[in-house]
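All remarks here apply to the structure that follows.
Just so you know, these numbers come straight off a predicted model, no measurement behind them.
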Amino acid sequence: MPSPAANDLDFPWRLCHDLAVHARRICPPNPAVGAVLVDGQGEILGTGHTQRRGGPHAEVMALRDAAAKGHDVRGATLYVTLEPCAHHGRTPPCCDAVIAAGISRVVASLEDPNPLVAGQGFERLRAAGVAVEVGPGAAASRALNIGFFSRMVRRLPWVRMKVAASLDGKTALPDGTSQWITGEAARADGHAWRAQACAVLTGVGTVLEDDPRLDVRLVERPRQPQLVVVDSRLDTPVDARLFEPDRPVLIYAAVRDEARQRALETRGATLVFLPGPGDKVDLAAMLRDLAQREVNELHVEAGHKLNGSLIRAGLVDEFLIYLAPRLLGPGLDMANLPVLQALDGSLDLAFHSVDRVGDDLRLILRPPGRDRF
């Protein structure tokens with residue numbers, strides 16, 4: 001690892017951020033964290049990032065990396081994108097490992113929003129004589145872990161709705177044909193977003209019409225996100241292709257049917273009954289339940305009916321929309337939304353980013369202020 005230039009003050013944070021990005025597909029439900037150990041001369045001693053659930057955190061990985069290289073880390077500075085944890089969870093407290101290693105200074109981007117940490121890691125470090133600074137790289141670290149912050153602060157997952165559509169907003173022809181509106185690059189990019197989510201959500205209508213797998217195939221996948229199906233009456237076929245990938249399948253229902261329940265549970269599905277009005281699944285209660293199941297980011301790939309229900313209920317935090325440079329004319333819309341009587345009744349969104357992916361456009365939009373929590 002080359003040493004940073006003396007005037008390159010952003011170097012540790014660029015490296016920390018890159019390490020955290022690499023962890024995104026590996027570490028859910030833990031936050032994606034990067035850590036870099038630097039000596040007094042600016043030499044990189046060790047680096048690390050969060051591992052799989054139950055595995056070491058970034059700080060411990062950086063300490064191990066330094067030890068494997070034969071470096072003495074006493075008196076070194078630890079740069080890390082999130083406060084070292086102070087509680088016994090699936091791993092011991094990271095702050096204890098940092099103190100025991102003789103680190104003299106910790107520079108962290110953010111305080112951990114987990115109530116079990118929430119500044120206690122910093123307190124223990126300071127009590128042990130470690131200098132602590134907080135703030136550099138905060139915006140990037142929070143953006144990278146928006147789902148974790150959402151679950152810890154709002155007790156809700158960050159709900160991202162993915163849509164692939166033509167330029168005139170159609171997701172399929174009138175007969176349901178939709179393969180493929182967008183190009184290969186956009187499809188691979190969509191799989192990359194699936195890969196970083198804790199769970200992928202769809203509706204039983206999509207299951208019955210398309211029989212999709214909804215797994216990650218087009219990009220590297222250290223883990224498969226679990227699949228969540230909204231299926232009010234347990235109409236999911238037991239031979240549906242969604243059961244083929246090795247991952248948990250969670251079905252939310254509203255109407256009980258013991259025979260269908262037993263058949264789906266035999267296929268390995270976990271069923272949760274959350275009835276709402278009209279024998280439909282209570283979608284808001286479903287999100288609260290998913291947060292309790294440690295779902296940070298919920299990636300929605302559903303049909304226009306479920307999309308419309310989620311939007312009308314105000315449950316979508318972010319829209320991931322791929323627009324293909326083609327016009328389809330009559331067809332299926334992105335979402336089943338009510339007819340407006342006035343323009344001021346529209347759902348206004350703010351562009352978060354606009355990028356070209358292959359021949360298509362990728363738009364990321366959020367309701368204004370949605371991420372202020």
Side-chain angles (χ1 to χ4, degrees), residues 17 20-21 24-25 28-29 31-32 81-82 109-110 113 137-167 169 171 182 186 189-203 225 228 230 283-284 286-288 290-291 295-324 333-338 340 343-357 360-373:
H17 180 75
V21 169
R24 290 191 80 178
R25 298 182 191 175
T81 57
L82 193 68
S109 297
L110 290 163
S141 179
R142 190 178 187 278
L144 198 63
N145 289 292
I146 190 70
F148 180 74
F149 274 77
S150 176
R151 178 165 66 89
M152 289 297 159
V153 177
R154 302 190 304 171
R155 298 294 186 265
L156 294 170
W158 180 259
V159 179
R160 178 180 295 112
M161 180 177 287
K162 181 256 184 179
V163 175
S166 63
L167 198 58
T171 60
T182 53
D189 192 69
H191 276 239
W193 286 91
R194 278 185 196 174
Q196 75 181 37
C198 289
V200 175
L201 173 73
T202 195
V228 180
V230 177
L283 297 176
M286 177 189 71
L287 294 185
R288 293 191 294 270
L290 286 171
V295 171
N296 296 337
E297 292 186 15
L298 181 64
H299 181 87
V300 180
E301 293 198 32
H304 65 289
K305 292 182 180 179
L306 181 54
N307 283 353
S309 296
L310 290 166
I311 293 170
R312 290 194 302 273
L315 301 177
V316 181
D317 299 306
E318 185 171 85
F319 293 84
L320 171 65
I321 299 178
Y322 297 91
L323 288 181
D333 294 323
M334 297 182 186
N336 183 19
L337 298 175
L340 296 180
L343 285 176
D344 59 7
S346 65
L347 172 61
D348 292 334
L349 303 171
F351 284 105
H352 188 66
S353 67
V354 179
D355 296 286
R356 185 165 176 172
V357 179
D360 305 309
L361 283 183
R362 183 186 65 201
L363 314 178
I364 298 179
L365 308 98
R366 297 174 180 174
R370 195 54 168 254
D371 55 358
R372 296 174 192 161
F373 50 80

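- With sequence neighbours left out, S309 forms a side chain to side chain donor-acceptor pair (under 3.5 Å) with R312.
- Taking both residues in full, the closest heavy atoms of A197 and E297 are given as CB-O, 3.6 Å, listed atom of the first, atom of the second, then distance.
- Side-chain contact between L306 and T202 is absent, with no heavy atoms from C-beta onward closer than 4.5 Å.
- Between S109 and S141, the shortest heavy-atom distance links the atoms CB-CB, 4.0 Å.
- Side-chain contact check for L363 versus F351: some heavy-atom pair is nearer than 4.5 Å.
- Considering every non-hydrogen atom in both A324 and D360, the closest pair reads CA-OD1, 3.2 Å.
- Here the rule is salt bridge (charged side-chain N to carboxylate O under 4.0 Å, His left out) with D189, and of R194, R362, K162 only R362 fits it.
- Stacking of R155 on the aromatic ring of F373 is not recorded, the 6.0 Å distance cut-off and the 45° axial limit not both being met.
- Listed here is the closest heavy atom pair of D333 and T171: O-OG1, 3.4 Å.
- The closest side-chain heavy-atom distance from V159 to L287 is below 4.5 Å.
- Annotation: salt bridge (charged side-chain N to carboxylate O under 4.0 Å, His left out) contacts involving residues 313-324, sequence neighbours excluded, comprise R154-D317, R160-E318, D317-R370, E318-R366.
- Of the possible polar contacts, none joining the N336 side chain to the H304 backbone as a donor-acceptor pair under 3.5 Å is found.
- Counting non-hydrogen atoms of other residues, nucleotides and ligands closer than 6.0 Å to CG of L340 gives a total above 12.
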